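Following: one structure in structure tokens, then a few remarks.
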2 protein chains.
Amino acid sequence: MAILGIRDIAALANVSPATVSRVFSTPEMVSKKTLNKVQKIIDEVGYRPNRMGASLRTRKSGNIVAIIPDITNPVNAGIIRAIEQGAQSAGYSVLLGDTQGLEEREQHYAGLVSHGQADGLLLFCSRIPFKTDPNLPLMEQLPPMVNGNERIDSDEVIQVAVDNVAAAKAAINYLISLGHKRIAAITGPGNIASSNERLEGYQLALNEAGIELDSALQLEGEYLVQSGMDCARQLLLLPQRPTAIFCFSDDMAIGVMKFLQKQGFVVPDDISVMGFDDINYAKFVTPSLTTVHQPLHEIGSTCIELLLKQLQGQKVEPGRRYLPFELKVRDSTGKAPE
Amino acid sequence: MAILGIRDIAALANVSPATVSRVFSTPEMVSKKTLNKVQKIIDEVGYRPNRMGASLRTRKSGNIVAIIPDITNPVNAGIIRAIEQGAQSAGYSVLLGDTQGLEEREQHYAGLVSHGQADGLLLFCSRIPFKTDPNLPLMEQLPPMVNGNERIDSDEVIQVAVDNVAAAKAAINYLISLGHKRIAAITGPGNIASSNERLEGYQLALNEAGIELDSALQLEGEYLVQSGMDCARQLLLLPQRPTAIFCFSDDMAIGVMKFLQKQGFVVPDDISVMGFDDINYAKFVTPSLTTVHQPLHEIGSTCIELLLKQLQGQKVEPGRRYLPFELKVRDSTGKAPE
DNA sequence: TAGTAAATTGAAATCGATTTACATGTTAGT
DNA sequence: ACTAACATGTAAATCGATTTCAATTTACTA
């Protein structure tokens with residue numbers, strides 16, 4: 001563990017600390033001769049500049065913070081992986097802010113930016129974790145930030161996601177095309193934007209097809225497997241059962257299928273089940289799950305790209321960027337029973 | 001965005017910067033009167049000390065870095081979540097180092113500690129990412145560090161994991177108790193310690209039961225679903241097929257089951273399948289997966305706890321800590337066919 | 001070869017906090 | 001009333017780099 005500082009290197013190379021610093025940041029300003037001389041010493045002793053010292057002076061930490069509700073959710077994990085890659089190859093490190101959905105923690109991690117511990121923010125929830133003055137333009141009050149996947153209700157924020165309304169609509173249209181008329185929806189938590197958007201798409205599609213909405217067919221879940229099972233139980237108790245169940249997450253769809261199978265129902269012959277996300281396991285459950293594919297890697301890489309742009313001082317237009325979703329038809333959906 | 005520094009606060013409160021600093025670090029050294037006065041100003045303007053400035057002086061970044069091969073692996077995600085919680089409640093932030101198994105990236109992230117960007121290291125791979133001098137005691141050359149889940153071959157390192165040998169042995173013993181004699185093993189990558197340990201347990205159990213090892217029944221996978229499918233294909237081509245397949249990860253077991261089912265085999269009637277990890281989805285695939293449970297949360301929390309102890313200057317005994325595994329018998333295993 | 005422009009280099013200030021060493025003010029004891 | 005002991009507060013050094021501005025060297029022109 002060499003504890004040599006820039007002054008030590010400078011002394012060893014018989015130059016000033018300023019020159020050593022320039023060797024790293026602006027080598028073209030240093031003559032070849034001294035460059036070589038200094039470089040040689042640096043390599044010899046394995047010197048790397050201390051980040052804290054540099055950060056203090058440059059006011060750049062080299063970190064970004066990603067605020068996500070739950071890293072064990074495969075959707076988030078897939079996004080984070082892409083973010084990490086993009087950040088790393090641009091020389092940034094990612095601080096992981098797993099919030100468990102708690103506003104308090106969102107604010108804690110957002111605070112890292114204010115404290116100078118991070119330079120920018122990737123936000124995968126529906127709240128802006130800063131106190132803002134509604135009289136001033138939002139953009140001027142926020143640090144470099146990109147909102148991914150979830151939606152914040154403001155077009156002054158840079159957002160990246162699939163078009164949840166259109167995606168849900170496409171899913172329902174597909175089920176309708178199979179002859180389904182009683183289509184249940186298991187939503188996510190009511191305060192989550194992505195869930196509300198998918199609900200909108202669901203209702204829109206049914207309306208356009210002239211199918212009346214039935215509130216008994218709309219159940220609120222929590223995006224988790226267990227709540228899929230719970231909601232499936234409720235749906236089976238209905239006097240008029242649905243012939244298809246559209247779940248706003250794959251996890252819930254997996255729970256629904258498990259419960260239906262336990263009760264002796266055959267998916268999709270008795271009831272069709274459709275998910276949303278296309279997590280890796282969707283292909284491998286039995287029957288394999290029909291679902292809406294979200295381009296996780298692309299969502300992550302677009303988010304980090306837009307954030308890096310801002311950090312490099314480029315202007316990024318606010319507003320939503322839609323990434324393409326894709327219907328993945330597999331074996332959990334089929335023709336409606338007569 | 002208030003950009004007030006400690007000097008501004010000091011001026012506003014009519015005290016010196018040192019006093020303001022003490023309000024945060026050693027409030028008991030400040031008289032009640034001034035404490036209140038300063039605290040009031042701090043609350044009013046919402047001042048928080050800049051971390052970079054503090055870190056430079058104290059030589060503590062308040063960050064730890066977690067080096068993991070792949071965050072999209074549910075095993076790692078579960079561990080990381082626990083780590084994040086432990087770190088956060090101790091005032092630390094977690095830098096995510098997803099390495100994709102690349103040594104180069106492991107070293108990059110380990111470097112953050114040397115550069116002062118992180119104070120300690122959580123390592124979930126089998127290599128020490130530092131150049132070390134074999135003549136000197138290892139412990140003195142390493143930063144505060146805990147090795148989790150995987151194994152580094154040195155008892156000078158602090159390690160936390162389940163006893164993979166015993167766990168695999170227990171799994172095989174269970175299969176043997178069901179009457180299986182031709183038990184295949186699908187391992188992880190050959191350079192991964194956990195896989196080798198599980199292989200050892202597998203062989204040990206068979207030996208003790210007087211069952212001869214058959215190298216045709218040992219296939220090397222990559223811990224991924226796809227490699228489970230690939231290996232299953234190979235196993236089915238064997239002149240003498242196994243009656244049970246023990247996979248060293250749940251992902252591979254899921255792949256195996258999927259492939260067997262595609263080929264018309266019934267699990268477990270024709271072939272039993274067993275996994276390792278007990279990821280969340282193990283319960284929900286069909287049939288539900290018999291597997292070895294790893295206490296992910298406890299692994300993560302133990303790792304972070306041991307690291308925090310070190311960071312607080314407490315001495316932590318090197319060596320392995322075993323956490324208890326648990327056999328989860330579900331529906332993918334059954335009596336050996338006659 | 002002198003004179004000037006351009007390319008290098010260095011000294012010192014700076015980033016924002018912490019902390020040491022010292023100064024001041026207060027209280028208590030004799 | 002005087003001094004010792006203690007509580008509290010301050011000035012200034014410090015952490016390790018970057019960067020401004022000035023000084024110096026080099027390169028080139030006339």
Side-chain angles (χ1 to χ4, degrees), chain A residues 1-39 41-42 45-63 91 111-119, chain B residues 1-39 41-42 45-63 91 111-119:
Chain A
M1 300 263 122
I3 8 170
L4 296 180
I6 198 171
R7 320 178 87 93
D8 303 302
I9 303 301
L12 284 171
N14 257 317
V15 295
S16 74
T19 303
V20 178
S21 174
R22 280 191 278 253
V23 166
F24 285 98
S25 49
T26 52
E28 69 276 10
M29 292 195 112
V30 180
S31 73
K32 274 236 162 55
K33 216 176 80 186
T34 39
L35 190 71
N36 285 335
K37 184 173 62 174
V38 175
Q39 194 68 58
I41 304 278
I42 289 174
V45 307
Y47 166 77
R48 295 287 113 183
N50 175 299
R51 192 79 202 224
M52 287 305 159
S55 291
L56 179 56
R57 179 66 224 236
T58 61
R59 312 182 115 300
K60 308 219 141 86
S61 66
N63 296 331
L112 297 186
V113 177
S114 325
H115 300 177
Q117 213 169 347
D119 305 331
Chain B
M1 298 263 124
I3 8 169
L4 296 181
I6 197 171
R7 323 176 84 92
D8 303 303
I9 303 301
L12 284 171
N14 258 317
V15 295
S16 74
T19 304
V20 178
S21 175
R22 279 193 279 252
V23 167
F24 284 100
S25 49
T26 51
E28 68 277 9
M29 291 195 117
V30 181
S31 73
K32 273 236 164 54
K33 214 176 80 188
T34 40
L35 190 71
N36 285 335
K37 184 174 59 174
V38 175
Q39 194 67 58
I41 304 278
I42 289 174
V45 306
Y47 166 77
R48 296 286 112 185
N50 176 300
R51 192 79 201 222
M52 287 305 157
S55 290
L56 179 57
R57 178 68 223 234
T58 60
R59 311 183 116 304
K60 305 217 143 86
S61 66
N63 296 331
L112 297 186
V113 177
S114 324
H115 300 178
Q117 212 170 349
D119 305 333

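Keep in mind that this is a model prediction, so the values were computed, not measured. A, B, ... follow the sequence lines: proteins, then strands. Residue 1 opens every chain.
Between A/V113 and A/D119, the closest side-chain pair of non-hydrogen atoms is not below 4.5 Å. A/I41 places none of its side-chain heavy atoms less than 4.5 Å from the side chain of A/Y47. Residues A/V38 and A/V15 form a side-chain contact, since some pair of their non-hydrogen atoms from C-beta on lies under 4.5 Å apart. Contact of the A/S114 side chain with the B/R48 side chain is not registered, since no non-hydrogen atoms from C-beta on lie closer than 4.5 Å.
Look at CD on B/Q117: it is 14 Å from C1' on D/dA17, rounded to the nearest Å. In this structure, the CD1 atom of A/I9 is 18 Å from the C1' atom of C/dT9, given to the nearest Å. When rounded to the nearest whole Å, the span between NZ of A/K33 and P of D/dT24 equals 18 Å.
Heavy atoms of A/Y47 sit under 4.0 angstrom from primed sugar atoms or phosphate atoms, though from no base atom.
Side-chain contact check for B/Q117 and A/N63: at least one donor-acceptor pair (N or O, by modelled atom type) lies under 3.5 Å.
The number of heavy atoms from other shown groups lying within 6.0 Å of NZ (A/K60) does not exceed 12.
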Checklist outcome for this item: Protein-proximity profile, nucleotides 6-15 of chain D, B/S/- by nucleotide at the 4.0 Å heavy-atom cutoff, equals --SBBB-BBB
